[in-house]
Each structure stands twice: as C-alpha cells, then as structure tokens.
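Counting begins at 1 with the first residue of the sequence.
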Amino acid sequence: MTDITIYHNPACGTSRNVLALIRNSGEEPEVIEYLKNPPDRSTLEGLIAAMGVPVRDVLRQKGTPYDELGLGDPQWTDAQLIDVMLQHPILINRPIVVTPLGTRLCRPSEAVLDLLPQPQQGAFAKEDGEAVVDAKGQRVAKP
C-alpha cells in the first residue's frame, strides 16, 4: 500500500507530469481519477483544509462551467462552492497530491517534488520538453 495519493485527470498534461514525477521517485501512488470517482463532501473538505488554502483556490476556471455558473461572484459561500464542485467535479483543480509530507495542489507540476519522501531516481522532463530533474535526480534550476 502506498502513502501517496493523486487526484488525477489523465487528460491534463500537468496531472500526467505530476504522476510521472511521483513514479520517478520510485513510488506507485494510489491514483484516483476524480472525474470518474469524485470525492465526497468530507473528503473534499478535508483536502482543502489539509492544503490550508481558500476554497476558491481549488476552483478550476479553464474548460469548466465556472463562468456560466457565475462562480466569480463573491456572493458564493465556501459551502456553496463545495456543493457546486461536487455537482461538477471538473471544477476541482488538479492534480491534488497527498503524501506523508503534506497535501498540495501541484501546479506547476514540479511543486510535487516538495511533497515526495523519496528523491528522484533519474532525469525527468515534462511532456513539453522542459527539464525538471537532472540525471543525478536533482531539481533543475529555472533560468
């Protein structure tokens, strides 16, 4: 059993990169395709609390009914926003990763490196070719 869980959307490049970085550390996470198996209210509330971020920070706007539903309006309470995310899981931003070191929305994908208990085992480049980890398993400094 793994101590790492990723709330994953395989259609999302960032999510795929995060999953690959987890695997590059030698771990095989529990992969929850949250669009097929959405979290229940208590799980979603627990993830948001564990991340220590406002509910709005977990809302995804691009490619979702965010604008159509008027979710940018400050009238929405946190409980109402969670209700809408449960009704439309595509509104939950991804990927969310849970490890023994914390819980985080991993955007950009290299944010997952701060959560992984094991070091990277080799070089890693994102799908777009951007180098993230060198051959020694060290994070590549951004220019």
Side-chain angles (χ1 to χ4, degrees), residues 1-74 76 78 80-143:
M1 193 69 176
T2 182
D3 288 336
I4 300 175
T5 301
I6 179 173
Y7 289 84
H8 178 60
N9 178 351
C12 171
T14 300
S15 199
R16 290 190 305 269
N17 285 325
V18 169
L19 179 57
L21 280 163
I22 294 168
R23 289 177 171 155
N24 198 46
S25 75
E27 299 280 350
E28 184 55 40
E30 177 182 3
V31 178
I32 298 173
E33 288 189 35
Y34 72 95
L35 294 177
K36 292 180 182 177
N37 300 299
D40 60 22
R41 175 177 284 282
S42 65
T43 301
L44 183 55
E45 288 174 340
L47 290 168
I48 294 167
M51 288 187 283
V53 299
V55 171
R56 285 192 175 279
D57 285 5
V58 184
L59 274 173
R60 180 163 176 83
Q61 295 180 35
K62 182 179 172 188
T64 73
Y66 180 93
D67 291 328
E68 167 187 324
L69 295 170
L71 297 178
D73 189 321
W76 293 86
D78 287 351
Q80 290 171 323
L81 291 172
I82 289 171
D83 286 341
V84 175
M85 284 191 270
L86 294 171
Q87 292 168 8
H88 304 277
I90 193 70
L91 287 164
I92 302 169
N93 212 343
R94 77 277 179 161
I96 296 173
V97 177
V98 180
T99 80
L101 301 179
T103 302
R104 181 178 293 172
L105 173 62
C106 292
R107 299 188 80 80
S109 53
E110 53 270 25
V112 74
L113 295 172
D114 298 329
L115 293 178
L116 297 176
Q118 300 299 320
Q120 294 290 288
Q121 296 184 344
F124 181 84
K126 293 182 186 181
E127 291 179 359
D128 67 4
E130 179 187 346
V132 177
V133 177
D134 67 19
K136 295 179 183 177
Q138 301 298 311
R139 191 183 301 215
V140 173
K142 293 203 178 211

[atom1] of [X] to [atom2] of [Y]: how many Å apart, nearest 0.5 Å?
{"X": "Cys12", "Y": "Lys62", "atom1": "SG", "atom2": "NZ", "answer": "9.0 Å"}
{"X": "Asp73", "Y": "Gln80", "atom1": "CG", "atom2": "CD", "answer": "10.0 Å"}
{"X": "Leu81", "Y": "Leu69", "atom1": "CG", "atom2": "CG", "answer": "10.5 Å"}
{"X": "Arg23", "Y": "Ile4", "atom1": "CZ", "atom2": "CD1", "answer": "11.5 Å"}
{"X": "Leu91", "Y": "Leu59", "atom1": "CG", "atom2": "CG", "answer": "6.0 Å"}
{"X": "Thr43", "Y": "Ile96", "atom1": "OG1", "atom2": "CD1", "answer": "11.0 Å"}

For [Y], is there any backbone N or O sitting under 3.5 Å from a side-chain donor or acceptor partner on [X]?
{"X": "Ser25", "Y": "Pro119", "result": "no"}
{"X": "Arg107", "Y": "Pro95", "result": "no"}
{"X": "Asn93", "Y": "Leu105", "result": "no"}
{"X": "Trp76", "Y": "Arg56", "result": "no"}
{"X": "Thr14", "Y": "Ser109", "result": "no"}
{"X": "Gln120", "Y": "Leu21", "result": "yes"}
{"X": "Arg104", "Y": "Met51", "result": "no"}

Requested in this report: Please list, chain by chain and in numerical order, all residues satisfying side chain to side chain donor-acceptor pair (under 3.5 Å) with Glu127, sequence neighbours excluded.
Outcome: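 Side chain to side chain donor-acceptor pair (under 3.5 Å) list for Glu127, sorted by chain: Arg16.
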
Query - Test side chain to side chain contact (heavy atoms under 4.5 Å, CB included) applied to Val18 and Leu115, Val112, Leu113, the passing residue - result: Val112

Query - Partners meeting salt bridge (Lys or Arg N to Asp or Glu O under 4.0 Å) with Glu68 (sequence neighbours left out) - result: none

**Report entry** Arg139 and Asp114 ion-paired at < 4.0 Å
**Finding:**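 Yes, this pair counts.
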
